[in-house]
Amino acid sequence: MKKLFLLLLCSIGFYSLAQKIELKVVTDSSQIFKGEVAGIPVTMQLHYRGIVDCSQYQHFVDGWYFYDKYQKKIQLTGIYDYGNLYLYNFGNKQKQSSKILGEKITSPQWIEKTDSIAKTLNPKESFIFKNDGSNKEVQGKFILGNKAQSASLFTKNNMIYRFNNYLILPNNKKINTYDFIDSYGGNELVSYVSDQSGNRILLYFEHTSNFNACGMCGASEGEKGYRVLYFTSDWNYKKHEDFLTESCINNIYDTVVTKTKDSKVLKFSIKKTTTSPAYTLVVDRNNASVTKSK
């Protein structure tokens, strides 16, 4: 019986060690969208071409679209503005007019006038998609000459530049922190553990406080800390918890890090701020856990 118990413990330990977790960082600078123009299937590809002024998500785009039936690419250029898309085809003056459009749009104030500026360059075709804040497929209009028709993209998120952090899990599962945590990325895999309560992954994160470099905390040291992701025994995601060690947004600075007898355990002393009392974080990399106490 004793031998059987020891064998069982060894089997559990081997199973835990045999499970391999990976984190892959992939930054997208282009996206392919499926959609429709007046009910006719189309495909569109858009590429990030640099920010206009300060914000990562107010930027120039280039690309193309085609009607799926014919697959003849029609060139596009324009602006991505926090979910709003302004796209234009200028016919045989595409390169020249695209350059002029880029030279005239130099700030958020000019972004608001994108369509009126583009119209002075006589586009042959236009797409305008507006972000209405709803969790629905992207809707807009397609303009050919003076005639407007409905247009849609079969996605709820038309963001082009994306910081993807893919967690490769056992059982052929893969999740992206972009989809269920935030769009900032900046995660690093620290450790992972399987026990009776399920599975846990410990991540360290470090990212900008604001995608707008001219906005609040945009030029700061950013947000830093740890997060614990909780999963069921068969690696279905349940929830996550974030623990900040530095933050411009939350005014967390000058954190004191103390080593413990166990080199895999770190203690962080967080000072009192204007919005929260002082607290202590104990990060246990052996156990893929973080404990917060006063």
Item to check | Tyr253-Glu221 side chain donor-acceptor pair, cut-off 3.5 Å | outcome: no
Item to check | Non-hydrogen atoms of Thr120 and Lys104 that approach each other most closely | outcome: OG1-NZ, 4.5 Å
Item to check | Distance in Å, Asn131 CG paired with Met159 CE, rounded so as to fall on 0.5 Å steps | outcome: 9.0 Å
Item to check | Residue pair Val265 / Asp284: nearest heavy atoms and the distance that separates them | outcome: CG2-OD1, 3.8 Å
Checklist entry - Does the cation-pi check pass for Lys239 over Tyr230, that is, NZ or CZ under 6.0 Å from the six-membered ring centre and within 45° of its axis? => result yes
Checklist entry - Phe129 and Tyr67: same hydrophobic cluster, using ILVMFWY side-chain contacts below 4.5 Å? => result yes
Item to check | Gap between atom OG of Ser191 and atom CG of Asn286 - 0.5 Å precision | outcome: 7.5 Å
Checklist entry - Does a donor on one side chain sit under 3.5 Å from an acceptor on the other, for Asp53 and Ser107? => result no
Checklist entry - Does NZ or CZ of Lys292 fall inside the cone over Tyr279's six-membered ring, less than 6.0 Å from its centre and within 45° of the axis? => result yes
Next on the checklist: Ring of Tyr166, cation from Lys174 - is the NZ or CZ under 6.0 Å from the centre and inside 45° of the axis?
Outcome noted: yes
Checklist entry - Would you call the rings of Phe211 and Phe163 parallel, tilted or perpendicular if under 30° counts as parallel and over 60° as perpendicular? => result parallel
Checklist entry - Is it the case that Ser220 and Ser209 place a side-chain donor and acceptor less than 3.5 Å from each other? => result yes
Item to check | Ring geometry between Tyr237 and Phe231 (parallel below 30°, tilted from 30 to 60°, perpendicular above 60°) | outcome: perpendicular
Item to check | Backbone of Gly83 reached by a side-chain donor or acceptor of Asn158 within 3.5 Å | outcome: yes
Checklist entry - Side-chain heavy atoms under 4.5 angstrom apart, residues restricted to Ile, Leu, Val, Met, Phe, Trp, Tyr: same cluster for Ile143 and Met44? => result no
Checklist entry - Yes or no on side-chain contact (heavy atoms from CB on, under 4.5 Å) for Ile181 and Arg227, after CA distance, side-chain angles and deciding distance? => result CA-CA 10 Å; Ile181 294 181; Arg227 54 178 46 117; 3.6 Å; yes
Next on the checklist: Could you see if Tyr226 belongs to whatever hydrophobic cluster contains Leu189? Use Ile, Leu, Val, Met, Phe, Trp, Tyr and a side-chain cutoff under 4.5 Å.
Outcome noted: no
Checklist entry - Would you say the side-chain atoms of Asn157 and Thr155 include a donor-acceptor pair closer than 3.5 Å? => result no
Checklist entry - Does the side chain of Lys130 come within less than 4.5 Å of Ile128's, by heavy atoms? => result yes
Checklist entry - Do Thr43 and Tyr65 have side-chain heavy atoms sitting under 4.5 Å apart? => result no
Checklist entry - Going from CG on Asn251 to CD on Glu246, what distance comes out if it is rounded to the nearest 0.5 angstrom? => result 12.0 Å
Next on the checklist: Is the shortest side-chain heavy-atom distance between Ser30 and Gln45 below 4.5 Å?
Outcome noted: yes
Next on the checklist: Treating Ser269 as the side-chain partner and Thr280 as the backbone partner, does any N or O pair qualify as donor plus acceptor under 3.5 Å?
Outcome noted: no
Item to check | Atom pair OG/CZ of Ser98 and Phe60 - distance to nearest 0.5 Å | outcome: 9.0 Å
Item to check | Where Asp254 and Lys271 come nearest, the two heavy atoms and their spacing | outcome: O-CE, 3.5 Å
Next on the checklist: Less than 4.5 Å apart, side chain to side chain, heavy atoms only: is that true for Val42 and Glu36?
Outcome noted: no
Next on the checklist: Parallel, tilted or perpendicular: which one describes the rings of Phe205 and His207, with boundaries at 30° and 60°?
Outcome noted: parallel
Item to check | Sub-4.5 Å side-chain heavy-atom contact between Ile111 and Ile79 | outcome: yes
Next on the checklist: Test ring-ring contact (aromatic ring centres under 6.0 Å, His included) on Tyr48 and Tyr161; report intermediate values, then the result.
Outcome noted: CA-CA 6 Å; Tyr48 169 88; Tyr161 199 93; 4.4 Å; yes
Checklist outcome for this item: Separation between CG (Leu46) and CD (Gln31), nearest 0.5 Å, reads 9.0 Å
Checklist entry - Should Asn287 and Arg200 count as side-chain neighbours, where that means a heavy-atom distance under 4.5 Å? => result yes
Checklist entry - Would Val61 and Leu87 satisfy side-chain contact (heavy atoms from CB on, under 4.5 Å), going step by step from the backbone distance to the final call? => result CA-CA 8 Å; Val61 297; Leu87 304 169; 3.5 Å; yes
Checklist entry - Crowded around Asp262 CG? As in, over 12 foreign heavy atoms under 6.0 Å? => result yes
Checklist entry - Do Asn199 and Val193 have side chains that get closer than 4.5 Å, going by heavy atoms? => result no
Checklist entry - Is the backbone N or O of Glu206 less than 3.5 Å from a side-chain atom of Glu223, with the two atoms forming a donor-acceptor pair by type? => result no
Checklist entry - Do Lys173 and Trp235 meet the cation-pi criteria used here (NZ or CZ under 6.0 Å from the six-membered ring centre, within 45° of the axis)? => result no
Item to check | Lys264, NZ: over 12 other non-hydrogen atoms inside 6.0 angstrom | outcome: no
Next on the checklist: Check this for me: Lys124, atom NZ, are more than 12 non-hydrogen atoms of other residues, nucleotides or ligands nearer than 6.0 Å?
Outcome noted: no
Item to check | Beyond-backbone contact of His47 with Ser29, side-chain heavy atoms, under 4.5 angstrom | outcome: no
Item to check | Under 3.5 Å side-chain donor-acceptor pair for Thr260 and Lys267 | outcome: no
Checklist entry - Closest heavy-atom contact between Tyr82 and Ser55? => result OH-OG, 2.5 Å
Checklist entry - Under 4.5 Å between side-chain heavy atoms, hopping through other hydrophobics if needed: is there a path connecting Leu281 to Leu202? => result yes
Item to check | Test item: side-chain donor near acceptor, Asp234 and Asn171, under 3.5 Å | outcome: no
Next on the checklist: I'd like to know if Phe180 and Ile21 are part of one continuous hydrophobic network [Ile/Leu/Val/Met/Phe/Trp/Tyr, side-chain heavy atoms within less than 4.5 Å].
Outcome noted: yes
Checklist entry - Okay, side chain of Asn89, backbone of Leu76: is any donor-acceptor separation there less than 3.5 Å? => result no
Next on the checklist: Run Val37 and Gln149 through side-chain contact (heavy atoms from CB on, under 4.5 Å) and show every step you take.
Outcome noted: CA-CA 7 Å; Val37 171; Gln149 297 175 307; 4.1 Å; yes
Next on the checklist: Would the distance check show the side chain of Ser247 and the main-chain N or O of Leu244 forming a donor-acceptor pair, the cut-off being under 3.5 Å?
Outcome noted: no
Next on the checklist: Show, in sequence, the C-alpha distance, side-chain angles and deciding distance for Leu153 and Glu137, and conclude whether the side-chain contact (heavy atoms from CB on, under 4.5 Å) test is met.
Outcome noted: CA-CA 6 Å; Leu153 299 178; Glu137 290 183 346; over 6 Å; no
Item to check | Separation between OH of Tyr88 and OG of Ser97, rounded to the nearest 0.5 Å | outcome: 12.5 Å
Item to check | Minimum-distance pair of heavy atoms, taken over all atoms of Thr273 and Asn250 | outcome: CG2-O, 3.9 Å
